[in-house]
K.L.:
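Okay, handing you the structure first.
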Amino acid sequence: AKSNGRGRAEIFDQALRTELEVRAKLEADIRAGLASDEFELHYQPVMSVADGNLRSYEALIRWRHPLRGMVPPNEFIPAAEESLLICEVGRWVLTHATRQLAEWTRMDPQGHGDVTVAVNISARHLASPSLVDEVRQALEESGLQPRRLVLEITETVLLDEPTADTHLRALRDLGVTVSLDDFGTGYTSIGQLQKLQVDTLKIDQSFLRSDDPATQSLVKLMITAAHAFNLDVVAEGVETQEQLDRLAAIGCELAQGYYLGRPKSAQETEIVV
Ligand code: C2E
Ligand code: CA
Ligand code: CA
Ligand code: CA
């Protein structure tokens, strides 16, 4: 029995070592990828429900890997979030997204003057003492007005990190907009919305998937509450005209989803512009 137990421990050790090795390799690959420009941002439009006008672009990262092809964020962002590497990724995203919108604005000041760009900020990056300076620097270097940058954060960030609140305050003092991503999937209650340092609520796409009347009422309730607290609302994951009609009927002003536009590379986005 003793040797048997030792055998299991060794198997466990080996599995753990392999997992750590895989993770270390992925981290090293991400770092190398940043250095050799393998990442790119794709842009997905956020539209006004009432008139179909473009309001914002959400910048979504992709990895053009030399061997693996186009790698979606779910396959490397979680690994980057295990360490401070996510702050380097986040800084890269901030720099490139602000630069891109500034460039589009120069190309087409009429069409783009009021459009914003939204970037996703991970919990660890929001907790980082240098984030506020990084945001300020990205704005300065690009020449983009602060109000045209939206930072998307998820609610877990706000609950887990005491410094997050302080940093959000400083960011909003800079004039950037803060959006609460994936709302409804975590623990924030509607009542807590009032206290949060956010300007916009993004209702998670899972709520749109459901035809259940109870879920529909819940979405309506979230929108009503958000408006009562002066928050804008974006419905995520709109895939059909029926969903869009339903959102219009319950007073949701902004929408994002494949039906309105898929994420596209900067070049493909320009062709539409
Ligand atoms: P998210 O922030 O909730 O982004 C929305 C995701 O939903 C995107 O997936 C988008 O392509 C997808 N989506 C949009 N409309 C529809 C639709 O109508 N139907 C369906 N089924 N999906 C839709 P993507 O680009 O694969 O990103 C996944 C997640 O990865 C993001 O979720 C975000 O959490 C994370 N992520 C993406 N880019 C970044 C980044 O630059 N930094 C960080 N920290 N996280 C990022
Ligand atoms: Ca997002
Ligand atoms: Ca989301
Ligand atoms: Ca998400």
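Computed from a prediction, not measured in an experiment: that's the story for all the values here. Ligands are counted one by one from 1 in listed order, and the atoms in each one are counted from 1 as well.
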K.L.:
Which is the closest N/O/S atom of Asp182 when seen from the Ca ion (ligand 3)?
P.N.:
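Nearest N/O/S atom: OD1.
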K.L.:
In terms of atom number and element, which parts of ligand 1 are under 4.0 angstrom from non-hydrogen atoms of Glu239?
P.N.:
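Checking each atom against Glu239, I get 17 (C), 18 (O), 19 (N), 20 (C), 21 (N).
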K.L.:
Quickly, which of Arg91, His167, Glu134, Glu88 forms a side chain to side chain donor-acceptor pair (under 3.5 Å) with His125? Name it, please.
P.N.:
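The option that passes is Glu134.
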K.L.:
Run the numbers for me: atoms of ligand 1, each under 4.0 Å from some heavy atom of Val93, listed by number.
P.N.:
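Contacts of ligand 1 toward Val93, numbered from 1: 41 (O).
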K.L.:
Would you say Asn120 has an N, O or S atom lying under 3.0 Å from the Ca ion (ligand 2)?
P.N.:
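Asn120 does place an N, O or S atom closer than 3.0 Å to the Ca ion (ligand 2).
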K.L.:
Go through ligand 1 atom by atom and flag the ones less than 4.0 Å from a non-hydrogen atom of Pro73.
P.N.:
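The list of qualifying atoms is 24 (P), 25 (O), 26 (O), 27 (O), 28 (C), 30 (O), 36 (N), 37 (C).
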K.L.:
Checking the N or O distance criterion of under 3.5 Å, is ligand 1 in contact with Asp181?
P.N.:
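In this structure, Asp181 places an N or O atom under 3.5 Å from an N or O of ligand 1.
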K.L.:
When you check the side-chain N and O atoms of Gln267 and Ser265, is any donor under 3.5 Å from an acceptor?
P.N.:
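Their side chains do not contain a donor-acceptor pair, so the 3.5 Å distance test is not met.
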K.L.:
Looking only at heavy atoms, is any part of Gln256 under 4.0 Å from ligand 1, and if so is it the side chain, the backbone, or both, or is it neither?
P.N.:
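No part of Gln256 comes within reach of ligand 1.
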K.L.:
I need the minimum non-hydrogen distance between Gln243 and Leu208, along with the two atoms involved.
P.N.:
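Gln243 and Leu208 have their closest heavy atoms at NE2-O, 3.1 Å.
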K.L.:
Between Asp182 and ligand 1, does any nitrogen or oxygen pair lie at a separation below 3.5 Å?
P.N.:
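Yes: some nitrogen or oxygen of Asp182 is under 3.5 Å from one in ligand 1.
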K.L.:
Measure from the Ca ion (ligand 3) to every N/O/S atom of Asp181 and report the name of the nearest one.
P.N.:
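Minimum-distance N/O/S atom of Asp181 relative to the Ca ion (ligand 3) is OD1.
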K.L.:
Taking just the N, O or S atoms of Glu58, which one is nearest to the Ca ion (ligand 2)?
P.N.:
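Considering only N, O and S atoms, Glu58 comes nearest to the Ca ion (ligand 2) through OE2.
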K.L.:
Does the side chain of Thr116 pick up a donor-acceptor pair with the side chain of Ser56 at under 3.5 Å?
P.N.:
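On atom types as modelled, these side chains qualify, holding a pair under 3.5 Å.
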K.L.:
What about Glu81: any of its N or O atoms under 3.5 Å from an N or O on ligand 1?
P.N.:
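There is no such contact.
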K.L.:
Would you kindly say whether Glu40 and His96 are connected by a side-chain donor-acceptor distance under 3.5 Å?
P.N.:
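There is no such pair between these side chains.
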K.L.:
May I ask you to list the atoms of ligand 1 that are less than 4.0 angstrom from any heavy atom of Ile61?
P.N.:
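Under 4.0 Å from Ile61, ligand 1 has these atoms: 38 (N), 39 (C), 40 (C), 41 (O).
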K.L.:
If we only consider heavy atoms of Pro72, is any one of them less than 4.0 Å away from an atom in ligand 1?
P.N.:
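Heavy atoms of Pro72 never come under 4.0 Å of ligand 1.
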K.L.:
Under 4.0 Å, heavy-atom basis, I'd like to know which part of His125 is in contact with ligand 1: side chain, backbone, both or neither.
P.N.:
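Within the 4.0 Å criterion, His125 makes no contact with ligand 1.
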K.L.:
Would you please say whether a donor-acceptor pair under 3.5 Å links the side chains of Thr18 and Glu21?
P.N.:
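No, no side-chain donor-acceptor pair sits under 3.5 Å.
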K.L.:
Judged by non-hydrogen atoms, does Arg62 sit under 4.0 Å from ligand 1?
P.N.:
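The answer is yes, since Arg62 has a heavy atom less than 4.0 Å from ligand 1.
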K.L.:
Have Gln14 and Glu10 got a donor and an acceptor in their side chains that come within less than 3.5 Å?
P.N.:
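There is no such pair between these side chains.
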K.L.:
I'd like to know if Gln205 contacts ligand 1, where contact means a heavy-atom distance under 4.0 Å to any ligand atom.
P.N.:
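True for this residue.
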K.L.:
Say whether Glu58 and Tyr43, considering side chains only, have a donor N or O and an acceptor N or O under 3.5 Å apart.
P.N.:
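No pair is found: no donor N or O on one side chain lies under 3.5 Å from an acceptor on the other.
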K.L.:
Show me the donor-acceptor pairs within less than 3.5 Å that the side chains of residues 76-85 make with the rest of the protein, sequence neighbours left out.
P.N.:
residue, atom, partner, partner atom, Å
Glu81, OE2, Ser122, OG, 2.7
Ser83, OG, Leu85, N, 3.1

K.L.:
Can you find a pair of side-chain heavy atoms, one from Asp182 and one from Lys202, that are under 4.5 Å apart?
P.N.:
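Asp182 does not reach Lys202 side chain to side chain.
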K.L.:
Any atoms of ligand 1 less than 4.0 Å from a non-hydrogen atom of Glu58? List them with their elements.
P.N.:
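Selected atoms, number and element: 2 (O), 4 (O).
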K.L.:
Below 4.0 angstrom from a heavy atom of Arg209, which ligand 1 atoms are there? Numbered from 1 as shown, please.
P.N.:
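Matching atoms, with element in brackets: 19 (N), 20 (C), 21 (N).
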K.L.:
Any heavy-atom pair between the side chains of Leu174 and Arg136 that's under 4.5 Å?
P.N.:
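Contact flag for Arg136/Leu174 side chains = yes.
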K.L.:
Within the 4.0 Å heavy-atom shell around Asn74, which atoms of ligand 1 are there?
P.N.:
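This gives 28 (C), 29 (C), 30 (O) as the contact atoms.
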K.L.:
For ligand 1, which is the ligand I care about here, please tell me if Leu41 has any N or O atom under 3.5 Å from one of the ligand's N or O atoms.
P.N.:
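Min N/O separation from ligand 1 is not below 3.5 Å for Leu41.
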K.L.:
Do any nitrogen or oxygen atoms of Tyr259 lie less than 3.5 angstrom from nitrogen or oxygen atoms of ligand 1?
P.N.:
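Not met; the criterion fails.
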K.L.:
Would you tell me which option among Leu60, Ile86, Leu126 has the nearest heavy-atom contact to atom 31 (C) of ligand 1?
P.N.:
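Of the listed residues, Leu60 has the closest heavy atom.
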K.L.:
So, His42 versus Gln44: side-chain donor-acceptor pair below 3.5 Å or not?
P.N.:
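The criterion, which ignores hydrogens and geometry beyond distance, is not satisfied for Gln44 and His42.
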K.L.:
Return yes when His42 approaches ligand 1 closer than 4.0 angstrom through a heavy atom, no otherwise.
P.N.:
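Heavy atoms of His42 never come under 4.0 Å of ligand 1.
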K.L.:
Using a strict 4.0 Å cut-off to heavy atoms of Pro263, name the atoms of ligand 1 that fall inside it.
P.N.:
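So the answer, numbered in order with elements, is 11 (O).
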K.L.:
Check for me whether Glu75 has a heavy atom closer than 4.0 Å to any atom of ligand 1.
P.N.:
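The answer is no: ligand 1 sits nowhere under 4.0 Å from a heavy atom of Glu75.
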K.L.:
Suppose the criterion is ring pair (Phe, Tyr, Trp, His ring centres under 6.0 Å): which pairs have a residue in residues 201-230, not counting sequence neighbours?
P.N.:
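Ring pair (Phe, Tyr, Trp, His ring centres under 6.0 Å) check on residues 201-230 returns no pairs.
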K.L.:
Taking the side chain as every heavy atom from C-beta outward, state whether Thr105 and Gln145 have any atom pair closer than 4.5 Å.
P.N.:
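No; the side chains remain at least 4.5 Å from each other.
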K.L.:
Looking at Glu152, pick out the N, O or S atom nearest to the Ca ion (ligand 2) and give its name.
P.N.:
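The Ca ion (ligand 2) is closest to the Glu152 atom OE1, counting only N, O or S.
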K.L.:
Distance from Thr200 atom OG1 to Asn230 atom CG, nearest 0.5 Å?
P.N.:
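Spacing of OG1 (Thr200) from CG (Asn230) equals 11.0 Å.
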